[in-house]
J.: 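Following this message is one structure expressed as structure tokens.
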Amino acid sequence: MKTSYSKKNNGERSSYKDSNERSSRRPRAAAFNSGNKFEKNTKPHSAPRSIPAANKPRDEEKDAHSSIEGRNPVLELMRTGKKIEKIYILKGSNIDLMQRARGAKIPVQEVDKRKFDTMCSTDNAQGVIAITSPVEYCEIDDILALAAEKGEKPFVIIADSLNSPHNLGAIIRTTECAGAHGVIIPVHRSVGVTPTVIKTSAGAAEHMLIAKVTNIKAAIETLKENNVWIIGANAGGEMYDKIDYTTGVGLVIGGEDKGLTDNIASACDIIAGIPMQGKINSLNASVAAGVLIYEVVRQRRG
């Protein structure tokens, strides 16, 4: 028997923005367990050294067509008010620029010389690189409005602390192929839509509404207010194919190392688990997302 979320109106869900029709009682989330884990490379590195530009390894978080290098160019970019994904600063340098960026709510990361050298495309970065977004982000309301325009119940994917651009790109690709209405990602502690994400998505990121928010939990509450039930993917949850996805659905996919954070797991209406039959106890984040996304598709197609 499938878990159903509807408590009123004979199983019918209210339309977009009709928050007053939500049930006052929500299903209790299943017990939280940490999820997808990856092995870390513990091989020691050699001492930091400068790397000639022609021999620098490619940094997948950065692309020459989406980055600005140098102190004055980055300052000018900040003055324009254009969207900046992140600013990388060589440790110990550009303290004033770092403070100004943080004051403007731009994510800043200090990196050591070895890491910084791998990111530079020129020899005149002056200790600062700004990464710009290759896509225009939308608002959560835009995603909900698209669902209403199509006459469909909202179907949204929420990424909680994903750090791999390959995972995010694969999730966006699956989301677009499944006909979902949008993806929500956080500003902090998560990869943004980089050129690597776009390439991995096979161009799907260009067709998908993607909202970037400062607070994932607040975004979840906004979805709840608009009659969207929040289902988290994590170990130890209810069997994923016993859950009813024919309502408005927000699927939450956790980070690669720890799965859903406690804070986000507690905000979910229910936790969905995928059975593991082998010796490995977790799936890749994008694979787990694909399993759940297409269970939604299967149920909605009847």
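Everything numeric in this text was worked out from a predicted model, so none of it was measured.
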J.: Please check if the side chain of Glu69 supplies one atom and the backbone of Cys120 the other of a donor-acceptor pair under 3.5 Å.
T.: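 The answer is no, because no donor-acceptor pair under 3.5 Å joins these two groups.
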J.: Is there a path of hydrophobic side-chain contacts, each under 4.5 Å between heavy atoms, that joins Ile140 and Ile220?
T.: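 Yes: a chain of side-chain contacts under 4.5 Å links Ile140 to Ile220.
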J.: Considering all heavy atoms of both residues, which atom of Ile185 and which atom of Gly192 are nearest to each other, and what is their separation?
T.: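 Ile185 and Gly192 have their closest heavy atoms at CD1-CA, 4.2 Å.
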J.: Find out whether Asn94 and Val74 are in side-chain contact, i.e. whether some heavy atom of one side chain is under 4.5 Å from a heavy atom of the other.
T.: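 Asn94 does not reach Val74 side chain to side chain.
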J.: Does Arg100 pair with Asp96 as a salt bridge, N-O distance under 4.0 Å?
T.: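 No, this pair does not count.
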J.: Using modelled atom types and a 3.5 Å cut-off, is there a donor and acceptor pairing between side-chain atoms of Asp142 and backbone atoms of Glu139?
T.: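 Checking the backbone N and O of Glu139 against the side chain of Asp142, a donor-acceptor pair under 3.5 Å is found.
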J.: Using every non-hydrogen atom in the two residues, find where Ala178 and Ile293 come nearest and quote the distance to one decimal.
T.: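 Minimum heavy-atom separation between Ala178 and Ile293: CB-CG2, 3.3 Å.
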J.: Could you state the interatomic distance from CD1 (Ile230) to CD1 (Ile158), rounded to the nearest 0.5 Å?
T.: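 Between atom CD1 of Ile230 and atom CD1 of Ile158 there are 4.5 Å.
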J.: Are more than 12 heavy atoms, taken from residues, nucleotides or ligands other than Ile280, located less than 6.0 Å from that residue's CD1 atom?
T.: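 Atom CD1 in Ile280 is not packed in, count stays at 12 or less.
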J.: To the nearest 0.5 Å, tell me how far Leu209 CG sits from Leu146 CG.
T.: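 So the CG of Leu209 and the CG of Leu146 are separated by 5.5 Å.
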J.: Using modelled atom types only, decide if a donor and an acceptor are shared between the side chain of Tyr245 and the backbone of Tyr240 within a distance under 3.5 Å.
T.: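 Here the side-chain-to-backbone pair exists.
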J.: Any donor-acceptor pair under 3.5 Å linking the side chain of Asn215 with the backbone of Ala218?
T.: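 Confirmed, Asn215 side chain pairs with Ala218 backbone.
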J.: Quick check: do Val291 and Glu295 have side-chain heavy atoms less than 4.5 Å from each other?
T.: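 Val291 does not reach Glu295 side chain to side chain.
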J.: For the backbone of Ile231 and the side chain of Asp269, can you confirm whether one donor and one acceptor N or O come within less than 3.5 Å of each other?
T.: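 Answer holds: no.
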J.: Do Leu97 and Ile87 make a side-chain contact, defined as non-hydrogen atoms from C-beta onward lying under 4.5 Å apart?
T.: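 They are in contact (side-chain heavy atoms under 4.5 Å apart), so the answer is yes.
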J.: Using the side chain to side chain donor-acceptor pair (under 3.5 Å) definition, which of the options Lys150, Glu149, Glu152, Lys153 pairs with His181?
T.: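 Answer to the side chain to side chain donor-acceptor pair (under 3.5 Å) test with His181 among Lys150, Glu149, Glu152, Lys153: Glu152.
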J.: Under 3.5 Å, side chain of Gln299 to main-chain N/O of Ile243, donor-acceptor pair present?
T.: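 Yes, Gln299 side chain to Ile243 backbone: donor-acceptor pair under 3.5 Å.
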J.: Can you measure from NZ (Lys91) to OG (Ser93) and round to the nearest 0.5 angstrom?
T.: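 Going from the NZ atom of Lys91 to the OG atom of Ser93 covers 11.5 Å.
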J.: How many angstroms lie between atom CG of Leu144 and atom CG of Asn227, to the nearest 0.5 angstrom?
T.: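 These two atoms lie 10.5 Å from each other.
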J.: Closest approach of Asp244 and Thr246, non-hydrogen atoms and distance?
T.: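 Of all heavy-atom pairs spanning Asp244 and Thr246, the closest is OD1-OG1, 2.6 Å.
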J.: How long is the span from the CZ atom in Phe155 to the OG1 atom in Thr247, to the nearest 0.5 Å?
T.: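 One finds 11.0 Å between CZ of Phe155 and OG1 of Thr247.
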J.: Apply side chain to side chain contact (heavy atoms under 4.5 Å, CB included) to residues Ile198 and Val135 and explain how you reach the verdict.
T.: CA-CA 9 Å; Ile198 291 180; Val135 299; 3.7 Å; yes
J.: Do Ile129 and Met78 belong to the same hydrophobic cluster, where Ile, Leu, Val, Met, Phe, Trp and Tyr are linked whenever their side-chain heavy atoms lie under 4.5 Å apart, directly or via other members?
T.: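 Shared cluster, no.
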J.: Of the non-hydrogen atoms in Asn167 and Ala285, which two are nearest, and what is the gap between them?
T.: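 Heavy atoms of Asn167 and Ala285 come nearest at ND2-CB, 4.0 Å.
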J.: Checking side chain to side chain donor-acceptor pair (under 3.5 Å) between Lys217 and each of Thr222, Asn263, Thr261, which is the one that passes?
T.: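 So the option named by the test is Asn263.
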J.: I need the minimum non-hydrogen distance between Leu292 and Ala233, along with the two atoms involved.
T.: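 It is CD1-CB, 3.3 Å.
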J.: Is there a path of hydrophobic side-chain contacts, each under 4.5 Å between heavy atoms of I, L, V, M, F, W or Y residues, that connects Val297 with Ile274?
T.: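 Result: yes, single cluster for both.
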J.: Any heavy-atom pair between the side chains of Pro154 and Ile143 that's under 4.5 Å?
T.: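 Ile143 vs Pro154: side chains apart.
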J.: Check whether any side-chain N or O of Gln126 sits under 3.5 Å from a backbone N or O of Arg71 as a donor-acceptor pair, and report yes or no.
T.: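 Checked: pair present.
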J.: Same hydrophobic cluster for Ile172 and Tyr137, using side-chain heavy-atom links shorter than 4.5 Å among ILVMFWY?
T.: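 Yes, Ile172 connects to Tyr137 through the hydrophobic network.
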J.: Test your reading of the model: is there a side-chain donor-acceptor pair from Ser201 to the backbone of Arg173, 3.5 Å cut-off?
T.: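 The answer is no, because no donor-acceptor pair under 3.5 Å joins these two groups.
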J.: May I ask whether Phe116 and Ile84 are part of the same hydrophobic cluster, defined by side-chain heavy atoms of I, L, V, M, F, W, Y residues being less than 4.5 angstrom apart, directly or through others?
T.: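 Different clusters.
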J.: To the nearest 0.5 Å, tell me how far Ile68 CD1 sits from Leu75 CG.
T.: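 Going from the CD1 atom of Ile68 to the CG atom of Leu75 covers 12.5 Å.
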J.: Is there a donor-acceptor pair closer than 3.5 Å between any side-chain N or O of Lys212 and the backbone N or O of Val193?
T.: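 Checked: no pair found.
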J.: Return the minimal non-hydrogen interatomic distance between Gly290 and Thr174, and the atom names on each side.
T.: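 Heavy atoms only, the tightest pair is CA-CG2, 4.0 Å.
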J.: Begin from the C-alpha positions of Ser286 and Asn284 and carry the test side chain to side chain donor-acceptor pair (under 3.5 Å) through to its verdict.
T.: CA-CA 6 Å; Ser286 61; Asn284 174 279; 2.5 Å; yes
J.: Does any part of the side chain of Leu223, heavy atoms only, come nearer than 4.5 Å to the side chain of Ile184, both counted from C-beta?
T.: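 Yes, side chains in contact.
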J.: Looking at Ile216, is its backbone amide N or carbonyl O close enough to the side chain of Asp160 to form a donor-acceptor pair, meaning the two atoms are under 3.5 Å apart?
T.: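 Side chain of Asp160 to backbone of Ile216: no pair is present.
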